[in-house]
Amino acid sequence: MAKKYVPDIVRKYEKGSKLTMLTAYDFTFASLFDSVGIDILLVGDSLGNVVQGRDTTLGVTTEEMVYHAEQVVRAAKTSMVIADMPFMSFQVNSESALAEAGVLVKKAGVGGVKLEGGVGMESTITKIVDAGIPVMGHVGLLPQSVNQMGFRVQGKEAKSEKRILDDALSVQKAGAFAIVLEGLPAKLAKKITAKLSIPTIGIGAGVDCSGQVLVMHDLLGLKAAGDDFSPKFVKQYVDLGALVKKAVTSYIEEVEKGKFPDKSQSY
Ligand code: KIV
């Protein structure tokens, strides 16, 4: 299978097939996801939460994104790699946003960038797209705007429903090739998906989006010790956290009892 670029993603969408996207932050996991055919690997700024252990994504820097994105790009044989533009790397003005997007492409080698926001981001998205860098939009629940909106499902009232639809239309008009819909009632996500001619990729936005994305740790059940929170929209396909704890407990026991290494593991 060949490396995927924007036209391949668009072709799959136009055929009516669902797009698959999953976050990845390091070489090994990215390689495993790529090997089973994920369309898009997203180096999400959610790494602030699941890798760095922060409460929000606000502290993540472009340098950190480059560090993780480089590893993912190295692993991606066929998947397209998109990197999030972190908080304050694109909000100041469109010139500095383009420069920051350029860093992610030149230093990490990603195939495109994702940025949060709608109506106010039109000129920034256009500027980046005009430079030849594919942009994925992101509307609805915006983790980088947590201080304004909290971590709440958006678009439940008629007014916010219209605002989010306008945001999505702006992102499309600005030239984005796809858009993440996060934390929306399934009905609204369906309506937005029907109105747009670019693919929507949902997270907590129901089944009628053009594709789905999850944070890899949620899908794999990789949680920090003591964390048993799981949002309603997540489907955990395996409990890797439990497997990791079991394996490391056995390792500790065997080392302490002098059972590891045995002859077969020795030179
Ligand atoms: O940062 C991230 O992982 C994301 C996804 C949740 C869409 O933006």
Side-chain angles (χ1 to χ4, degrees), residues 17-57 60 68-69 71-72 75-76 79-84 114 116 136 138 140-144 146 149-156 178-190 193 199-252:
S17 306
K18 296 273 190 185
L19 297 169
T20 58
M21 181 159 95
L22 186 60
T23 69
Y25 316 97
D26 75 340
F27 178 84
T28 304
F29 276 114
S31 165
L32 291 170
F33 305 157
D34 177 82
S35 73
V36 292
I38 273 282
D39 293 318
I40 304 174
L41 291 169
L42 172 66
V43 188
D45 61 352
S46 51
L47 70 85
N49 308 111
V50 295
V51 178
Q52 298 175 335
R54 299 175 191 263
D55 287 338
T56 73
T57 58
V60 176
H68 290 278
Q71 301 172 43
V72 173
S79 314
M80 181 179 194
V81 180
I82 298 289
D84 257 331
K114 174 166 84 59
E116 294 183 15
M136 179 180 282
H138 184 154
L141 194 166
L142 306 179
Q144 292 179 11
V146 58
M149 54 173 68
F151 289 113
R152 264 183 227 107
V153 174
Q154 301 291 304
K156 283 177 151 178
I179 184 168
V180 166
L181 304 182
E182 177 164 1
L184 298 182
K187 233 172 100 183
L188 174 57
K190 182 176 181 181
T193 302
T200 60
I201 303 187
I203 175 161
V207 75
D208 293 306
C209 298
S210 325
Q212 296 291 326
V213 56
L214 279 177
V215 168
M216 57 161 275
H217 289 62
D218 291 339
L219 181 152
L220 298 176
L222 278 171
K223 289 177 199 224
D227 176 10
D228 42 38
F229 175 70
S230 189
K232 176 179 161 73
F233 65 82
V234 164
K235 181 166 178 187
Q236 186 185 303
Y237 285 79
V238 62
D239 191 351
L240 271 196
L243 292 178
V244 167
K245 283 205 266 187
K246 195 162 169 247
V248 177
T249 302
S250 302
Y251 169 70
I252 292 169

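A 4.5 Å side-chain heavy-atom check between Leu141 and Leu184 finds every atom pair outside the cut-off. The side-chain heavy atoms of Pro185 and Val153, taken from C-beta on, include a pair separated by under 4.5 Å. Using a 4.5 Å heavy-atom threshold, the side chains of Thr57 and Asp84 count as separate.
Thr200 places a side-chain N or O within 3.5 Å of a backbone atom of Ser210 that can act as its donor or acceptor partner. Distance alone, capped at 3.5 Å, is enough to place a donor-acceptor pair between the Asp26 side chain and the Phe29 backbone. Between the Thr20 side chain and the Ile38 main chain, no donor and acceptor come within less than 3.5 Å of each other. The closest donor-acceptor contact from the side chain of Gln154 to the backbone of Arg152 lies under 3.5 Å. The main-chain N or O of Asn49 is never found under 3.5 Å from a side-chain atom of Asp55 such that the two would form a donor-acceptor pair. Using modelled atom types, no side-chain atom of Lys190 and backbone atom of Val207 make a donor-acceptor pair closer than 3.5 Å. Thr23 places no side-chain N or O within 3.5 Å of a backbone atom of Leu42 that could act as its donor or acceptor partner.
Nearest heavy atoms, Ala24 versus Met216: CA-SD, 4.1 Å. For the residue pair Ala76 and Val81, the shortest heavy atom distance occurs at CB-CG2, 3.5 Å. Shortest non-hydrogen contact noted between Pro199 and Leu19 is CB-CD1, 3.5 Å. Residues Gln212 and Cys209 share a closest heavy-atom pair of NE2-CB, 4.1 Å. A pairwise comparison of heavy atoms in Lys18 and Asp39 identifies O-OD2, 4.1 Å as the closest pair. Nearest heavy atoms, Leu22 versus Val215: CD1-C, 4.2 Å.
When the shell of 6.0 Å around NZ of Lys223 is examined, it contains more than 12 heavy atoms from other residues, nucleotides or ligands.
To the nearest 0.5 Å, the span separating OG on Ser46 from CD on Gln52 amounts to 10.0 Å. From Leu214, atom CG reaches atom CD1 of Ile201 across 12.0 Å, with rounding to the nearest 0.5 Å. Separating the CD1 atom in Ile40 from the NZ atom in Lys114 is a distance of 11.0 Å, to the nearest 0.5 Å. The distance from atom CE of Met149 to atom CD of Gln144, rounded to the nearest 0.5 Å, is 11.0 Å. In this structure, Leu142 CG and Phe151 CZ are separated by 11.0 Å, a value rounded to the nearest 0.5 Å.
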Could you please spell out the steps behind the side chain to side chain contact (heavy atoms under 4.5 Å, CB included) verdict for Thr193 and Leu181? CA-CA 9 Å; Thr193 302; Leu181 304 182; 4.0 Å; yes
Does the side chain to side chain contact (heavy atoms under 4.5 Å, CB included) test come out yes or no for Met21 and Met136, once each step is laid out? CA-CA 12 Å; Met21 181 159 95; Met136 179 180 282; 3.7 Å; yes
Under the side chain to side chain contact (heavy atoms under 4.5 Å, CB included) rule, what do Ile203 and Val180 come out as? Steps first, then yes or no, please. CA-CA 7 Å; Ile203 175 161; Val180 166; 4.1 Å; yes
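Using cut-offs of 30° and 60° for the angle between ring planes, the His217 and Tyr25 rings count as tilted.
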